[in-house]
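One-based numbering, in listed order, for ligands and for the atoms of each. None of the values given here were measured: they were computed from a predicted structure. Count residues from 1 along the sequence.
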Amino acid sequence: MGDTPSFDPSSLDELVDINSIPWSPLFIFIMVVAVAISLLVAGLVAYSVRRFRARPGGGVPRQDFGNRNLEIAWTAAPAALVIFVFGWTFLTMRTTPTPGSDLPDGRRPDIVAVGQRWWWSFHYPESGVTVANEIHIPAGRRVLVQLTSDEVQHNFWIPELGQKMDMYPGKTNYLWLEAKEPGIYHGVCAEYCGTQHAWMRLIAVAQPEAEYAAWVRDQQTAPLPVAEPLPQLGRAIYIARNCGSCHAIATVSEGQAGPNLTHFGSRLTISAGVLTNTPENLAIYLRNPQAVKPGIFMPNFRLSEEEIAALVAYLESLR
Ligand code: CUA
């Protein structure tokens with residue numbers, strides 16, 4: 001592999017507990033009925049093939065034409081089933097909260113989400129907080145998320161929290177998000193959007209109300225400048241290397257093209273879930289972002305090991 005640095009793709013997948021995803025009773029019903037009908041049809045075909053196969057000297061089998069009772073039965077039974085499923089689907093759709101049907105006039109979104117290539121930017125209009133790839137939400141309270149995209153279509157989906165919703169450029173969709181319990185919920189982009197689609201992950205951290213309020217206050221505050229020389233040097237390199245033309249760090253730079261890094265040190269992952277956020281992984285990433293996540297906009301800046309060490313110390317200090 002030459003000079004391509006080795007890295008360990010994020011092991012966060014292990015944290016996603018498939019069993020905790022709620023199954024819809026309607027889905028289970030349709031699945032069971034569909035499997036039963038498939039088995040019945042396949043069974044009857046297999047039985048007929050064997051029972052009525054051509055035998056030497058068998059002649060032409062008995063011919064049956066029309067059977068009113070059978071025809072009524074196999075028309076009425078599927079019709080009744082389809083009507084039943086239609087009714088249940090209708091009721092399910094009515095009870096699934098979809099913004100638009102129950103959005104009070106003038107209700108503003110709590111979070112504005114924009115799909116990027118290949119990461120997520122999140123803005124909280126009320127508090128002015130901007131983050132990337134990880135959102136915090138209050139547990140037990142519905143949050144209105146406005147969804148749009150930068151240039152290509154994405155799809156916002158946190159399976160454990162229910163619905164998914166498309167993100168289109170130039171159009172806004174809405175989604176209610178509610179975590180009943182505090183915890184970490186993993187999400188993905190669910191619409192193919194280019195080479196790094198599979199590494200467009202997101203995380204929702206649901207917290208009790210007071211903890212969530214503290215998080216918001218934290219985010220509104222620029223991280224304190226660190227006194228140690230290495231992070232200080234990193235900050236100077238960040239400025240000298242013009243990282244701020246793409247990235248924003250409160251009171252330091254205002255770039256919008258890349259993820260906001262104001263509180264980078266407190267994030268769980270690097271680059272929308274590719275790597276867990278550790279100093280070692282950040283160094284691997286900075287050595288050559290294109291080796292870790294080929295095709296992203298961040299080029300290989302060919303930083304020296306000294307520069308990388310200083311930048312890592314600086315960025316990880318931003319909490
Ligand atoms: Cu964004 Cu797939």
Side-chain angles (χ1 to χ4, degrees), residues 7-18 21 98-100 109-125 129-137 143-179 184-206 246-248 255-261 264 267-277 281-282 285 288-300:
F7 68 93
D8 205 11
S10 168
S11 56
L12 288 168
D13 283 328
E14 293 161 18
L15 299 175
V16 184
D17 180 7
I18 296 291
I21 299 172
T98 310
D110 300 297
I111 301 176
V112 175
V114 184
Q116 312 275 351
R117 265 171 62 189
W118 290 273
W119 57 281
W120 316 78
S121 75
F122 297 110
H123 182 66
Y124 294 65
V129 167
T130 299
V131 292
N133 304 329
E134 287 177 25
I135 48 172
H136 285 235
I137 54 173
V143 170
L144 183 63
V145 187
Q146 177 188 300
L147 302 157
T148 181
S149 168
D150 186 26
E151 45 169 359
V152 299
Q153 192 183 335
H154 303 276
N155 184 295
F156 179 97
W157 190 30
I158 303 177
E160 284 171 275
L161 303 186
Q163 307 171 69
K164 47 159 63 167
M165 187 62 77
D166 279 331
M167 309 172 94
Y168 301 105
K171 184 183 187 306
T172 45
N173 280 340
Y174 291 90
L175 183 75
W176 287 117
L177 214 54
E178 180 177 1
I184 293 179
Y185 300 89
H186 293 261
V188 292
C189 176
E191 180 72 45
Y192 183 71
C193 55
T195 53
Q196 293 299 330
H197 158 69
W199 281 118
M200 192 166 161
R201 308 278 180 100
L202 76 139
I203 290 171
V205 181
C246 287
H247 294 283
Q256 296 293 314
N260 185 304
L261 300 176
F264 175 83
R267 279 193 210 142
L268 298 170
T269 72
I270 297 169
S271 200
V274 180
L275 299 167
T276 45
N277 187 6
N281 281 343
L282 183 57
Y285 183 78
N288 184 5
Q290 292 295 322
V292 176
K293 198 168 174 180
I296 56 168
F297 286 128
M298 178 143 164
N300 181 356

Against the six-membered ring of W119, is R117 placed for a cation-pi contact (under 6.0 Å from the centre, within 45° of the normal)? no
Please step through side-chain contact (heavy atoms from CB on, under 4.5 Å) for the pair F297 and Q116, ending with a clear verdict. CA-CA 10 Å; F297 286 128; Q116 312 275 351; over 6 Å; no
Q153 (side chain) donor-acceptor with M167 (main chain) under 3.5 angstrom: no
Decide, counting backbone as well as side-chain atoms, whether H154 has an N, O or S atom less than 2.8 Å from atom 1 (Cu) of ligand 1. yes
Suppose you place the vertex at atom 1 (Cu) of ligand 1; what is the angle out to C193 SG and M200 SD, to 10°? 110°
As a test of reading the structure, name the N/O/S atom of H197 that is nearest atom 2 (Cu) of ligand 1. ND1
Picking from I203, V274, N281, L275, what satisfies side-chain contact (heavy atoms from CB on, under 4.5 Å) with T269? I203
W120 vs H154 aromatic rings, parallel, tilted or perpendicular, using cut-offs 30° and 60°? tilted
Residue E191 atom name (nearest to atom 2 (Cu) of ligand 1; N/O/S): O
Would you say N155 has an N, O or S atom lying under 2.8 Å from atom 1 (Cu) of ligand 1? no
